[in-house]
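Order of the sequence lines fixes the chain letters, A, B, ..., with proteins taken first and strands second; residue numbering starts at 1 for each chain.
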Number of protein chains: 2
Amino acid sequence: MQEKLESLCERVQRASDVGDLQAATEQLRDYYDVAHIVYHWVNSVGERFGAGTYSQEWVDRYVEKDYLRMDPVILGCLQRFNPVDWKELDWSSRASRDFLREAINFGVGNQGLTIPIRGPAGQFALFTASDHCDDYVWAVFVDENMRDLMIIAHEFNKKALEFEQGGDSAPVPTLSPRELEAMTYLAKGLSRSQAAKEMEISEHTLRVYIEAARHKLGAMNTTHAVARALSRGLIVV
Amino acid sequence: MQEKLESLCERVQRASDVGDLQAATEQLRDYYDVAHIVYHWVNSVGERFGAGTYSQEWVDRYVEKDYLRMDPVILGCLQRFNPVDWKELDWSSRASRDFLREAINFGVGNQGLTIPIRGPAGQFALFTASDHCDDYVWAVFVDENMRDLMIIAHEFNKKALEFEQGGDSAPVPTLSPRELEAMTYLAKGLSRSQAAKEMEISEHTLRVYIEAARHKLGAMNTTHAVARALSRGLIVV
DNA sequence: TTCTGCCTCCCCCAAAATGGCGAGGTCACA
DNA sequence: TGTGACCTCGCCATTTTGGGGGAGGCAGAA
């Protein structure tokens, strides 16, 4: 069992493009004997990629109808940390039930487990296994395989992040200690004069730091600089 | 081995307060026969809790000196997804080297593996195993136990989130769609007038959104509001 | 040694953001 | 039939920021 997990992970690690990830989902589906395995990077802008075994018709329909914005699986996972069994979600609204009915018609399955994955800079992705079966069989599957699926989900996301970095590589700039301090105070809401007082330097000096940080971060203004410093993990607020 | 992982996880799951988590770290340290096991919730304000086997002296010193802001482990993990071996980090700056020397003097260990964990609303935590040993022994340890440690780290964070929800549930404010849009443009560096143009509304209306968002987020100014929106995962840049 | 990066301080002034006062409309929910 | 949340717009005065100029000292690296 452990060896099998290892080989499944290696399969993902060897992937060199999205097509390989796609193939890996198919292999996983067959190995676990479920209806579907899907990895899906959920971006604010709605782009980035996904790989999975859903039918093209369902994916197209999903995109076309912008289901991303009302899919209870996504909305639920955005607020949770632990893997989510679809049964735990809120299907009460009418829109949810219509969505569920349609999903089942498209062969998605009546049971599902979705693992939320979070990366740096607010990155967010989902890894889902779904199947057609009764509650008991599904509960056994989840109980036996959740841990392994979490590890595999992690591997998928690691690959996805690698692919992204390969594309637009972002060289993370280095801020000097005082620059970091200045950015931190600003991120905490202090004004220039307050931050200067806190750092026990003149406001002019503080300005020099802020401008230096702005330049290094390629930011257009202070707010932008703080946002970049935060999302690149240079500072913690 | 699998059964042991199960029992270690259950130990964490049964925890009903931070003291139990503390005890769990000690048990893990003894089980894996390493110098330290630490779970540490890194929060915006710098509070929240941690549980681990570091000496009280080191923890006090760490807090007193505000090492949080320059600890290469934290800064490195903030930008990574995968578990990080301390050797992979950037120890080049003078401050880093001083920090490392001091950490070793306090018995932290010369080897370490830190797993970054991210939860909803920008939550961020670290799970660390550290030891005194040579590179080879450490590499073997990491290779054999990383997967299990990832699962255990997940369990710790799950518990931590449960405790938080029970305690002072951080009321994550809900921003309206337009408010989110406004904050996103600001975080991208657009000025008010540019953002207003982008959203095809008057600059004044945009101001209303920004002020509403500021209030909801309890922020003192726009930069603060953007920083909070980002670190709570409300917006993604 | 020279050079580069970092830290510190000062001036002036234009541009932008903020804080306060208004106003009116839709839409859903109770 | 309110009530509240959301979206939209205007003006005024004050504060904060940003973009230019400068300056010197002190480290570590080439």
Side-chain angles (χ1 to χ4, degrees), chain A residues 69-70 92-96 171-229 234-235, chain B residues 69-70 90-98 171-229 234-235:
Chain A
R69 311 219 169 271
M70 54 79 57
S92 60
S93 88
R94 174 178 183 143
S96 299
V172 182
T174 332
L175 300 196
S176 79
R178 291 299 253 177
E179 285 160 1
L180 288 175
E181 218 178 316
M183 298 311 282
T184 304
Y185 282 123
L186 293 179
K188 281 182 173 175
L190 275 65
S191 70
R192 285 204 313 209
S193 61
Q194 290 173 316
K197 208 167 287 174
E198 207 67 32
M199 290 172 69
E200 294 180 320
I201 52 175
S202 76
E203 192 177 328
H204 305 92
T205 306
L206 181 74
R207 278 185 54 190
V208 177
Y209 297 147
I210 299 173
E211 280 173 34
R214 257 212 321 267
H215 279 130
K216 287 184 182 176
L217 292 160
M220 308 165 79
N221 53 45
T222 302
T223 301
H224 194 194
V226 170
R228 290 206 155 167
L234 295 171
I235 60 173
Chain B
R69 312 219 167 272
M70 53 79 56
D90 173 26
W91 298 97
S92 60
S93 88
R94 172 175 186 147
S96 299
R97 272 176 283 124
D98 290 351
V172 182
T174 333
L175 300 196
S176 77
R178 291 299 254 176
E179 285 159 3
L180 287 175
E181 217 178 316
M183 299 310 284
T184 304
Y185 282 123
L186 293 180
K188 283 183 176 171
L190 275 66
S191 71
R192 290 207 309 210
S193 62
Q194 290 172 315
K197 208 168 287 174
E198 208 66 32
M199 291 172 68
E200 295 182 319
I201 52 175
S202 77
E203 191 176 330
H204 179 87
T205 303
L206 181 74
R207 280 184 52 193
V208 177
Y209 296 147
I210 299 173
E211 280 174 34
R214 259 213 317 268
H215 279 127
K216 287 184 182 177
L217 293 160
M220 306 165 81
N221 53 47
T222 303
T223 302
H224 194 195
V226 170
R228 290 206 155 166
L234 295 172
I235 60 172

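- With a 6.0 Å radius and a threshold of 12 heavy atoms from other residues, nucleotides or ligands, Lys216(A) has its NZ atom above the threshold.
- For Arg214(B), counting side-chain heavy atoms from C-beta on, the closest listed nucleotide (dG19(C), dC7(C), dG18(D)) is dG19(C).
- For Ser176(A), the side-chain atoms get nearest to dC6(C) when compared with the rest of dC9(D), dC9(C), dC6(C).
- If you take CD of Glu211(A) and C1' of dC7(C), they are 15 Å apart, rounded to a whole angstrom.
- Taking every heavy atom of both residues into account, Tyr209(B) and Glu179(B) meet most closely at O-CG, 3.8 Å.
- Met183(A) approaches Leu175(A) most closely through the heavy-atom pair CG-CD1, 4.0 Å.
- Neither OP1 nor OP2 of dA5(D) sits under 4.0 Å from any side-chain N or O of Lys216(B).
- The CD atom of Gln194(A) lies 10.0 Å from the CG atom of Leu186(A); values are rounded to the nearest 0.5 Å.
- In this structure, the separation between CZ on Arg178(A) and CG on Leu206(A) is 9.0 Å, given to the nearest 0.5 Å.
- In this structure, Ile210(B) places its CD1 atom 11 Å from P of dG19(C), rounding to the nearest Å.
- Taking every heavy atom of both residues into account, Ala227(A) and Val226(B) meet most closely at CB-CG1, 4.2 Å.
- Rounding to whole angstrom units, NE2 of residue His215(B) and C1' of dG20(C) are separated by 12 Å.
- Remark on DNA chain D: of its neighbouring residues Thr174(B) and Arg192(A), the 5'-side contact belongs to Thr174(B), judged by nearest-heavy-atom nucleotide.
- The stretch residues 194-207 of chain A comes close to DNA chain C through Ile201(A), Ser202(A), His204(A), Thr205(A), Arg207(A), each having a heavy atom under 4.0 Å from the strand.
- Across the protein-nucleic acid pair, Tyr209(A) atom OH and dC6(C) atom C1' stand 7 Å apart, rounded to whole Å.
- Put simply, NE2 on His224(B) is 19 Å from P on dA17(C), counting in whole angstrom units.
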*Can you list the steps and then say if Arg228(A) with His224(A) is a side-chain contact (heavy atoms from CB on, under 4.5 Å)?*
CA-CA 6 Å; Arg228(A) 290 206 155 167; His224(A) 194 194; 3.4 Å; yes
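- Asn221(A) has its CG atom 14 Å from the C1' atom of dG19(D), to the nearest Å.
- Sorted by residue number, the list of members of residues 179-187 of chain A with any non-hydrogen atom under 4.0 Å from DNA chain C is empty.
- The shortest side-chain heavy-atom distance between Leu234(B) and Leu217(B) falls under the 4.5 Å cut-off.
- Closest approach of Leu180(B) to Thr184(B), counting heavy atoms only: O-OG1, 2.7 Å.
- The shortest distance between the side-chain N/O atoms of Thr222(A) and the OP1/OP2 oxygens of dG18(D) is below 4.0 Å.
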